[in-house]
Amino acid sequence: MIGALGLMKERRFLPLFVTQFLGAFNDNLFKNAMIFFATYQIFSSVEQETQFSAIATGIFILPFFLFSALAGQLADSYDKAKIMRIIKAAEVVIMLVGALGIFIKSLPLMLVALVGMGIHSTFFGPIKYAVLPQHLNEDEVLGGTGLVEAGTYIAILFGTIAGGLISPTVAAFAVVGVAMIGWLASLKIPPAPPLTKLKLDYNIFRASARLIGATMHIPRLYLAIVAISVFWTIAAVLGVLFPPLVKNVFHAQKDVASVFLAIFSVGIAIGSVVINRLLKGHVSAKYATASVLAMSLFVVDFFFAALYFPVSEGPLLKTANFLALPDAWRVLFDLAMIAITGGMFVVPLYAFLTTTVDKSQTSRTVAANNIVNSGAMVAGSVGVLGFTNIPGVDVVHAIWIVFLLCLASAYCAWRLYKAEDLPHGLDPIP
């Protein structure tokens, strides 16, 4: 068996990895540059900042809810490599619109580009996981999934840092350049011809309902999708909370918010690698319950670290000044452990999606997962926004939402692990 890192030398994996890495980098470079621009240069209250952060997150996620069913049908009906090339060409056009928005400092135009990137990611998402069983051997799928997940979060790290540090002008040129390189990388992805031919249903609402109904009746898929959805709701809630927490609770500048998001991204990547080592290529939820319960404990400690963080006055703290505070290291440690345990939890669940059904159905399975994920993430973003608007409830107390979601994830993971003992083959999607 080729080791997981050995896959990086293979043409059947490396071009896909580079293509998805650059796409995730561009998403986060653009999104975070826009959010930080609004938080630090336009808005002046924690309510407005939290609201805009939630709106931007929701706008990016909404296309996953609307178009994932169509994306899954297309990916299972046509050559996945060709579809990826078309998607990456569209990214170049979308980023030209985003660059124009940056140049003229137009938030509406930036939001249009953000919607475009959401649509781009909606159609790319089912393919990047579904193509793995087609290009990799059975005992390589978990390792490949872990590398894709780790690469995604490393890309989020670099995109987040870049979005917080570089100037708007540089960001405008960068997003277009990265999109072009991603398109060139996609040209090297080996063919992945369809294993079935579907009659496409262009009614996105009917297609979504049918796909979810056809997928969620399979117990293992149902439990894996629900657990993944709860996890991504946690990520969405934390993404909404980070900018206002950093500015108003930790009294720090936007570069510290970049550090927070970067630590979270690296932690997920580390967790992805660790769980692959522990499971030795075997797809199982064996460690999922323990991982997410450990995550919940670090969430509780993060809450108390934020609640009793020393109040600062004067200018917002730069990264060096923030790191000079002893309490800051407790906050960063909690964030790192939340992310590491989260990565250990979610990676095997994605492998479930691509190994529980036949290879001809993997794109639709991932698409069904994306629909449920996106709905849960939008609900989480809106929910945390409403929660923080309750009189007497501040952004710190919203962290308890994350704790409750961890407990829900643990229950789903435990049931999924128990379901592994039941006899099964590759379950068909009707």
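We number each residue from 1, following the sequence as shown. Just so you know, these numbers come straight off a predicted model, no measurement behind them. Scope of the values below: all heavy atoms of this structure, side chains included, with no hydrogens, waters or symmetry mates.
Asn26 and Ala179 make their closest contact through ND2-N, 3.6 Å (heavy atoms, listed as atom of the first residue, atom of the second, distance). Pairing each heavy atom of Ile399 with each of Ala306, the nearest pair is CD1-CB, 4.4 Å. Closest approach of Val230 and Leu405 over heavy atoms only: CG1-O, 3.1 Å. The shortest heavy-atom contact between Ala367 and Ser68 is CB-O, 3.0 Å. Nearest approach of Pro190 to Arg12, heavy atoms of both residues: CG-CA, 3.7 Å. The shortest non-hydrogen separation linking Ala81 to Ile189 is CB-O, 3.8 Å.
Counting heavy atoms from C-beta outward, Phe231 and Asn373 have side chains that stay 4.5 Å or more apart. Taking the side chain as every heavy atom from C-beta outward, Val331 and Asp334 never approach each other to under 4.5 Å. Between Ile338 and Val299 the shortest side-chain heavy-atom distance falls below 4.5 Å. Contact annotation: the side chain of Leu66 approaches that of Phe205 to within less than 4.5 Å [non-hydrogen atoms, C-beta and beyond]. In this structure, the side chains of Val97 and Ile94 stay at 4.5 Å or more apart for every pair of heavy atoms. Within the 4.5 Å cutoff, the side chain of Leu278 has heavy atoms near those of the Tyr287 side chain. Side-chain contact between Ile270 and Val274 is present, with at least one heavy-atom pair separated by less than 4.5 Å. Residues Val237 and Met377 are not in side-chain contact: their nearest non-hydrogen atoms beyond the backbone lie 4.5 Å or more apart.
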Assess the residue pair Ile104 and Leu109 against the criterion (side chain to side chain contact (heavy atoms under 4.5 Å, CB included)); give the C-alpha distance rounded to whole Å, side-chain angles, the decisive distance to 0.1 Å, and a yes or no.
CA-CA 9 Å; Ile104 66 176; Leu109 202 55; 4.0 Å; yes
One pair to check against side chain to side chain contact (heavy atoms under 4.5 Å, CB included): Leu323 and Thr319. What are the steps and the verdict?
CA-CA 6 Å; Leu323 295 178; Thr319 300; 3.8 Å; yes
Given the rule in the side chain to side chain contact (heavy atoms under 4.5 Å, CB included) test, do Leu16 and Leu132 qualify, once you have shown the distances and angles that lead to the verdict?
CA-CA 9 Å; Leu16 168 68; Leu132 295 178; 3.8 Å; yes
Kindly indicate, with the supporting measurements, whether the criterion side chain to side chain contact (heavy atoms under 4.5 Å, CB included) is fulfilled by Phe158 and Asn28.
CA-CA 8 Å; Phe158 292 145; Asn28 287 275; over 6 Å; no
Please test Ser121 against Asp27 for side chain to side chain donor-acceptor pair (under 3.5 Å), starting from the C-alpha separation and ending with a verdict.
CA-CA 8 Å; Ser121 298; Asp27 283 348; 2.8 Å; yes
Would you check, one step at a time, whether the test ring-ring contact (aromatic ring centres under 6.0 Å, His included) holds for Phe173 with Phe103?
CA-CA 10 Å; Phe173 284 107; Phe103 276 124; 5.6 Å; yes
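Ring-plane geometry between Phe298 and Phe333 is classed as perpendicular, the angle between the planes exceeding 60 degrees on a 0 to 90 degree scale with a lower cut at 30. By the 30° and 60° cut-offs, the orientation of the rings of Trp400 relative to Phe403 is perpendicular. In this pair, Phe250 and Phe302 present their aromatic rings tilted. The plane angle is within the 30 to 60° band.
From Lys80, atom NZ reaches atom CZ of Arg85 across 13.5 Å, with rounding to the nearest 0.5 Å. In this structure, Ile263 CD1 and Leu332 CG are separated by 4.0 Å, a value rounded to the nearest 0.5 Å. To the nearest 0.5 Å, atoms CD1 (Ile181) and OG1 (Thr19) are separated by 11.5 Å. Here CG of Leu70 is found 10.5 Å from OG1 of Thr122. Values are rounded to the nearest 0.5 Å. For the atom pair CE of Met84 and CH2 of Trp183, the computed distance is 15.0 Å after rounding to the nearest 0.5 Å. Taking CG of Leu29 as the start and CG of Leu22 as the end, the distance is 11.5 Å to the nearest 0.5 Å.
Relative to the six-membered ring of Tyr417, Lys286 misses at least one condition, a distance below 6.0 Å or an angle of at most 45° to the axis.
At most 12 heavy atoms of other shown residues, nucleotides or ligands fall within 6.0 angstrom of atom CH2 in Trp329. Around the OH atom of Tyr222, the shell of radius 6.0 Å holds no more than 12 heavy atoms that belong to other residues, nucleotides or ligands.
Ring to ring, Phe123 and Phe64 are not that close: their centroids are 6.0 angstrom or more apart.
Checked by atom type and distance alone, the side chain of Gln73 never pairs as donor or acceptor with a backbone atom of Ala207 at under 3.5 Å.
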